[in-house]
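Have a look at the structure below, then the notes.
Order of the sequence lines fixes the chain letters, A, B, ..., with proteins taken first and strands second; residue numbering starts at 1 for each chain. Quick caveat: nothing in here was measured; it's all calculated off a predicted structure.
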2 protein chains.
Amino acid sequence: MLKNSEFVSKLRNSGLRPTKQRLKICEVLFNRDKTFHFTINDLAKNISENFNEKISLATIYNTVHAFKDKGYLKEITISSDKSYFDTNITKHHHFYDEDTNLLIDCNDNEIGKVNIKNNITGKKISSVEVLVRVASDTQNQD
Amino acid sequence: MLKNSEFVSKLRNSGLRPTKQRLKICEVLFNRDKTFHFTINDLAKNISENFNEKISLATIYNTVHAFKDKGYLKEITISSDKSYFDTNITKHHHFYDEDTNLLIDCNDNEIGKVNIKNNITGKKISSVEVLVRVASDTQNQD
DNA sequence: TATTACTTTATAATAGTTCTAAACTAAATG
DNA sequence: CATTTAGTTTAGAACTATTATAAAGTAATA
Ligand SMILES: [Mn+2]
Ligand SMILES: [Mn+2]
Ligand SMILES: [Zn+2]
Ligand SMILES: [Zn+2]
């Protein structure tokens, strides 16, 4: 639940100018109680339907990628034709509901720590992500 | 290391006609000692460069998806713009080398069993996949 | 205020993938 | 074996998510 002036500083501190478009996107993404997952398309739709402002799709892409690069968003890839972004930037894992196409955060009550016994020689681990695909009992359960 | 007549039965048993194109793709994918990972593009290139036969890209897509549906291939999604297929259809996890863009299989010596304590109510787990991204020490380590 | 660097925008380009429909071929039928 | 049927391959078009372009606009700076 941040407010406008805080977004201005946040952007300035990141070397990003606080433009009208970026502030609107900040508001939509970060001015909430809970984190959430979205696609670029979700975000574009949200802005065009719920606000009078129009932000070009290119700007939405640019801004989301800029926010990702600055570490304010994480990208989660589920299927090759859809990319999700996550306002929860802490290390966490996901359930993916194949019936609803929704991502659901896991916490440590749900998935224990992943035990990596051996890493590739000469390489550093940049991330560890678990994806648990779920579907209703009556569906195709590949 | 299967041979042609075995591929013919395998395809027939799956309800797929053993066409020249499918048998060639079987040979390229399954007539080897070790499993491996590939993209559609890798496969198309492999066939066009190493064999005299020409298989249309549409057929390669069709066949790879048919093989996936029959459970002879697994699909692994790393990034939204590239989809990998895996001839190793056992449950296993992956390292992804961000420097080389290569997928590397993990076995139980490398990643312990993932402990899922609570699943979503009313849903069945269809898969559990761990992806460990690695990069060389000197790279950007997000 | 004037200058500069960055940003937004519409639109074009790109690339992976899927669709289409005609030609082709394996399997089934008689 | 000849015919019929259903499944398959193919080139190319279409589709869709994403990125590139370059001109107009805006924030920061001098
Ligand atoms: Mn795509
Ligand atoms: Mn794409
Ligand atoms: Zn999340
Ligand atoms: Zn693998």
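For the pair B:L11 CG and C:dA27 P, the interatomic distance rounds to 10 Å; values are reported in whole Å. Rounded to a whole Å, the CG atom of A:L43 is 12 Å from the P atom of D:dT18. The NZ atom of B:K70 sits 13 Å away from the C1' atom of D:dG7 (whole-angstrom rounding). In this structure, NE2 of A:H65 is placed 11 Å from C1' of D:dA17, rounded to the nearest angstrom. Taking atom CZ of A:F85 as the reference point, atom P of D:dA17 lies 14 Å away to the nearest angstrom. Between B:K45 atom NZ and C:dA15 atom P there is a gap of 14 Å when expressed in whole angstrom units. Distance B:Y61 OH to C:dC19 C1': 13 Å, rounded to the nearest Å. The CZ-P distance, from B:R12 to D:dG7, rounds to 15 Å in whole Å.
For A:H93, the ring pair (Phe, Tyr, Trp, His ring centres under 6.0 Å) criterion is met by no residue, not counting sequence neighbours.
Residue B:L102 shares its hydrophobic cluster (ILVMFWY side chains chained together at separations under 4.5 Å) with no other residue. Alongside B:I89, the hydrophobic cluster contains no other residue (criterion: ILVMFWY side chains under 4.5 Å). Through chains of ILVMFWY side-chain contacts below 4.5 Å, B:L103 is grouped with B:I76, B:I78, B:Y84, B:Y96, B:L131.
Listed candidates were D:dA27, D:dA17, C:dT17. Nearest to the side chain of B:L57 is C:dT17.
A salt bridge links A:K74 with A:E129: at least one charged nitrogen is closer than 4.0 Å to a carboxylate oxygen.
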Legend entry - Sequence-aligned protein contact record of nucleotides 4-9 of chain C, with B where the base is within under 4.0 Å of a protein heavy atom and S where only the sugar-phosphate is: -BBSSB

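Here salt bridge (charged side-chain N to carboxylate O under 4.0 Å, His left out) pairs that include residues 108-123 of chain A, with residues two or more places apart or in two chains, are A:K123-B:D97, A:K123-B:D99.
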